[in-house]
Structure formats: C-alpha cells, structure tokens
2 protein chains.
Amino acid sequence: MEEITLNKNQYSLAEEDYIKAIYHLSQQNQEALTNDIAERLETKPASVSDMLKKLADKKVVNYVKYKGVTLTEEGVKIALELVRKHRLWEVFLVEKLNFTWDEVHEVAEQLEHINSPLLIERLDEFLGFPKFDPHGDPIPDAKGEFLVKPHVPLGEMEIGQVGRVVAVQDISALFLQYLNKVGIYIGAKVSITDKIEYDGSLEVLLDDKKTILVSKEVAKNIFVGI
Amino acid sequence: MEEITLNKNQYSLAEEDYIKAIYHLSQQNQEALTNDIAERLETKPASVSDMLKKLADKKVVNYVKYKGVTLTEEGVKIALELVRKHRLWEVFLVEKLNFTWDEVHEVAEQLEHINSPLLIERLDEFLGFPKFDPHGDPIPDAKGEFLVKPHVPLGEMEIGQVGRVVAVQDISALFLQYLNKVGIYIGAKVSITDKIEYDGSLEVLLDDKKTILVSKEVAKNIFVGI
DNA sequence: AGTTTTTTTTAGATATGCCTAAAAAAGCGA
DNA sequence: TCGCTTTTTTAGGCATATCTAAAAAAAACT
Ligand SMILES: [Mn+2]
Ligand SMILES: [Mn+2]
Ligand SMILES: [Mn+2]
Ligand SMILES: [Mn+2]
C-alpha cells in the first residue's frame, strides 16, 4: 500500500492564531518568545511549547528549544494571508457596516479564519482594494506585499514639528475609545506645543483647533507621519 | 465553595452544525434519525450517538435512545439563528460580491458560525432586510419569524398550469449548475406542457420562450408557486 | 413467533489543544 | 563562578470530537 500525504496546506484556527502571534512578535524583536506568545494569546507557556513543537513538525516555524521561534518562509506566507484577511474584514466592518474602529478587532479575529480565496478576492475588490485598515495598518495584497508609511511615535516629535496621525499601535477598545474621546483619529493633524518634563506628557495641538494633554503612555502608541 | 455555572449559551462549531442538521431533518419528518444526521454531516452514526448524548445534557435536544431526536425550544432558537446567519451571508455573497447561487453554500457554512450579534444586525440592514436567500429559502428575522411562500414540487403541477419557481430543495453546486445550464432560476415562469409517462419526465415551457425536458428527479427538487 | 436485517449504541482508541505541577535550562548579580 | 531567579520545557491529565469494531435494540420477513 502506497503512502500518500496530501499537503492540504490547511491549518486549524488555533494554529493560525499562533502563526499570526509569532509574526507580530517577530516584527518587534528578532524572534518570538514563549512567554510573550502565551500572553498575547491568553494561554499558558506550557501550551505554547506544545504548539511550537507541532508547528515545527509542519515546517511553518524555526524552533530551537529555549532559543525562541521564527516563522519559515511558508509561515510568513500564511501569516501575511491572515493579516490581509483580518484587515480587509476590518475595513468592511467600518466602511460598509458602520462599525467604529474600536468595535472591529474581535470580530475580525474570527472572520480572518474563513477559508475561501474567492471570498477574499471579491471582498478586496468590493472595498476598492484598500491599502490601510481602520487603525492605519497596511493591508498586504494577494502577493503579500504592502506599503509602509514612514512614521514616528508621537512622543518622539520635536516641539513645533507638524504631522498627521497615520496609525495606532495599541488597538484595544479601551485605548481607541480614549482617542475618540479626546478627538484623535487617523489623519488628524498634530503638532507638539510643549513637553512636560515632570511626567513626560505632551501638549498637542489637534487640527489647529484645540490643545490636549496626552500622557507618555498614550504618546507611545500613536504613530505620526511627518 | 459555591458552584456557579455560567450558561454562556455558546456552542461549538460542531454542536451548531448538529443542531442545524436536526432542525432541517425535523422539517421533513417528525424527528431526526441518527443515520440521517450522520449522512448529512458526513460523519459516522457512532459519532452522532456521542453528540446526541452531549446535546441532551445541554438541553437543546429531546433524545430518547433508539427513538430519534427533536430540538427543544432552546434548540430551535439556536437553529433559527444559524439559519438566519447562513442565509443572510448567502445574500451578501450574491448581491454584494457577485457570487453565483451555486458558489455560496460552502462559504456560508463557515460564516454562519461567526458570533457577533452586532455584525448580523448590521449585515441585515446593509442588505435591506431581505426575506429570502438566493435559493428561495426564507430568512428568519431576529425573532426567528419568517415568511412562507406556498409552493408545490414542479412534478406535481397539472398540465397547462402556470407558476413561478420560488425555491429549490437541492442546493448542491451540481444541481444548481445544471439549472443554470437549462435556464431555470428563482422567479422563472414555468408551465407543464406534457408529462412523459414512460420515465416520469416533464416537458416544461420556460419564460414563454423555450421548452425543456426535465427528469422526475429534477422536478422533485424545484418548488413552484402557483 | 422466530430469524434475519437494519439501525443504533457502546467500548475502546486516537488526535487536538488546553491545563497544573515539576523539572530543566538559561540568565544574572554578587 | 556560584547560586538565585526567570524562562521554558516535560510529565501527566482532561475535554472535545472523531473513528472502527462489537454489541444491543428495533424493524422487517418468513
Ligand atoms: Mn483569530
Ligand atoms: Mn487593525
Ligand atoms: Mn456550518
Ligand atoms: Mn440557501
């Protein structure tokens, strides 16, 4: 009897979420660490170790025990496809279904796992081939390529420098609702009018209209194109 | 230590598919039979028995060993919600993403499990609160209520009687592609011009334009409103 | 009614994905 | 470099959802 192994290139929802987490963590550092993956996926380090072994067997990650993990070429391909789907769905929810930018992430976290190449191709077309999602993050095209808008954290701008908000790093509902409240949005015109030395907070002129005070923590999570 | 059982009213993808299968099978007969559920879900009768026990524990089915199974009131509620989601997504795919009616079922089979009340509410609104899906099947509203269009199988029409196709029973891609080919669609005007006694096939005048011959098997799967 | 066939359930496995507790490796300060 | 701390892995379980094979119940046929 001949052994035939069909590589259906199909991954479970759990595997997909791990791949995506490793992708995002690898953007920040060189490789993803077990504890960081566990925290991101709200699971336990022991579960992560289990899964990393499985993903290594499937050749989507390079895994050396105790040394962290990176995605293989195949793993990056899967991750970019997931990111593409996630962000396209976020655009759909905001542009077509009138969701606010703080409501979309959790639903997109589910929708990204729907498996239908035709669906994504048509969705992309329906949305007019958007290049950025509601949080300012770039949307990979079908080949995995995406635009990069140069930007700096709000906190690193000089006094007097003018720019526009291009993205946010923290996409939690709590943070986005805070931004809604103070009037910060993607595209808003910002300039630093003063830096408070005592606590590192910033005085920001918003859309030439009003001045607001933002904390160091907040400033770290807002990216500005100059 | 007090025992607190949160009824999160959340069901797994597998459980949802079982509930939906039982709902559809119960429409045809009084109760759903183990073997029929297994066939519908492309699984084995032994797996169905396992699951029925679990669903009975969760009080979504009335299950008496060897006697078949029906949905409880709660089970029907879940089933109608799933049917609602499935059919709304089918409308979305056809109306907004230019899918054909033979391409939508499998994708909707995945999309129906996305859990977000806001999403469904907004999708319904975005689609203009449709009452029927691309196969002519009624879409339950948020309360689980839906319209019923009276209809008979094409095979049971009298010679000379005129009607319009309102729904199809078989929604397989193979059957729908056959209908595309011969020119039958939801809303098509049909009348029987002759019944062939030899094999039970029918001569059908379509949209007052052309006459086609359809087999007994095909005729059984087309519903006509008179 | 007794026998055979069909349907359904149970028994016993397997794979996935998660957990806690314990062990092992790596990192770090003295 | 030693010993403590942190990080990571392993060991051993558990729940879900599936399967095959065997047993049991129900239905159908003489
Ligand atoms: Mn996800
Ligand atoms: Mn986003
Ligand atoms: Mn389904
Ligand atoms: Mn349908």
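Just so you know, these numbers come straight off a predicted model, no measurement behind them. By convention in this document, chain letters (A, B, ...) are assigned in the order of the sequence lines, proteins followed by strands, and residues within each chain are numbered from 1.
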Next on the checklist: When you measure from the side-chain N and O atoms of Y63(A) to the phosphate of dT8(D), is any distance below 4.0 Å, counting only OP1 and OP2?
Outcome noted: no
Checklist entry - Excluding sequence neighbours, so at least two apart, what forms side chain to side chain donor-acceptor pair (under 3.5 Å) with N115(A)? => result Q10(A)
Next on the checklist: Please list, in numerical order, the residues of residues 15-37 of chain B that have a heavy atom closer than 4.0 Å to any atom of DNA chain C.
Outcome noted: L33(B), T34(B), N35(B)
Item to check | Whole angstrom value for the distance that separates P of dC19(D) from CE of M51(B) | outcome: 11 Å
For nucleotides 20-28 of chain C, give me every protein contact, N/O to N/O, under 3.5 Å, one pair per line with atom names.
none

Next on the checklist: Would the distance check show the side chain of K85(B) and the main-chain N or O of I114(B) forming a donor-acceptor pair, the cut-off being under 3.5 Å?
Outcome noted: yes
Next on the checklist: Going by ring-ring contact (aromatic ring centres under 6.0 Å, His included), name the residues that satisfy it together with H86(A), two or more places apart in sequence or in a different chain.
Outcome noted: H105(A)
Checklist outcome for this item: Nearest-nucleotide check on DNA chain D, S49(A) vs S12(B); residue mapping nearer the 5' end is S49(A)
Item to check | Rounded interatomic separation in angstrom, taking CG from D50(A) and P from dA15(C) | outcome: 15 Å
Checklist entry - Taking atom C1' of dT16(D) as reference, at what distance in whole Å does atom CD of Q10(B) sit? => result 15 Å
Without placing hydrogens or testing angles, list every side-chain donor-acceptor pair under 3.5 Å for residues 96-103 of chain A, not counting sequence neighbours.
residue: T100(A); atom: OG1; partner: D102(A); partner atom: OD1; Å: 2.8
residue: T100(A); atom: OG1; partner: E103(A); partner atom: OE1; Å: 3.1
residue: W101(A); atom: NE1; partner: N180(A); partner atom: OD1; Å: 2.8
residue: D102(A); atom: OD1; partner: N180(A); partner atom: ND2; Å: 3.4
residue: D102(A); atom: OD2; partner: Q177(A); partner atom: NE2; Å: 2.8
residue: E103(A); atom: OE1; partner: T100(A); partner atom: N; Å: 2.9

Next on the checklist: Once side-chain contact (heavy atoms from CB on, under 4.5 Å) is applied, do any residues pair with N221(A), and if so which ones, sequence neighbours excluded?
Outcome noted: Q169(A), D170(A), F175(A)
Next on the checklist: Strictly by ring pair (Phe, Tyr, Trp, His ring centres under 6.0 Å), give each pair with a member in residues 22-79 of chain B just once, sequence neighbours left out.
Outcome noted: none
Would you mind writing out the side-chain donor-acceptor pairs for residues 136-157 of chain B within the sub-3.5 Å range, not counting sequence neighbours?
residue: D141(B); atom: OD1; partner: K143(B); partner atom: N; Å: 2.8
residue: D141(B); atom: OD1; partner: G144(B); partner atom: N; Å: 3.0
residue: D141(B); atom: OD1; partner: E145(B); partner atom: N; Å: 2.9
residue: H151(B); atom: ND1; partner: K149(B); partner atom: O; Å: 2.9

Item to check | salt bridge (charged side-chain N to carboxylate O under 4.0 Å, His left out) against D50(B), all qualifying residues, sequence neighbours excluded | outcome: none
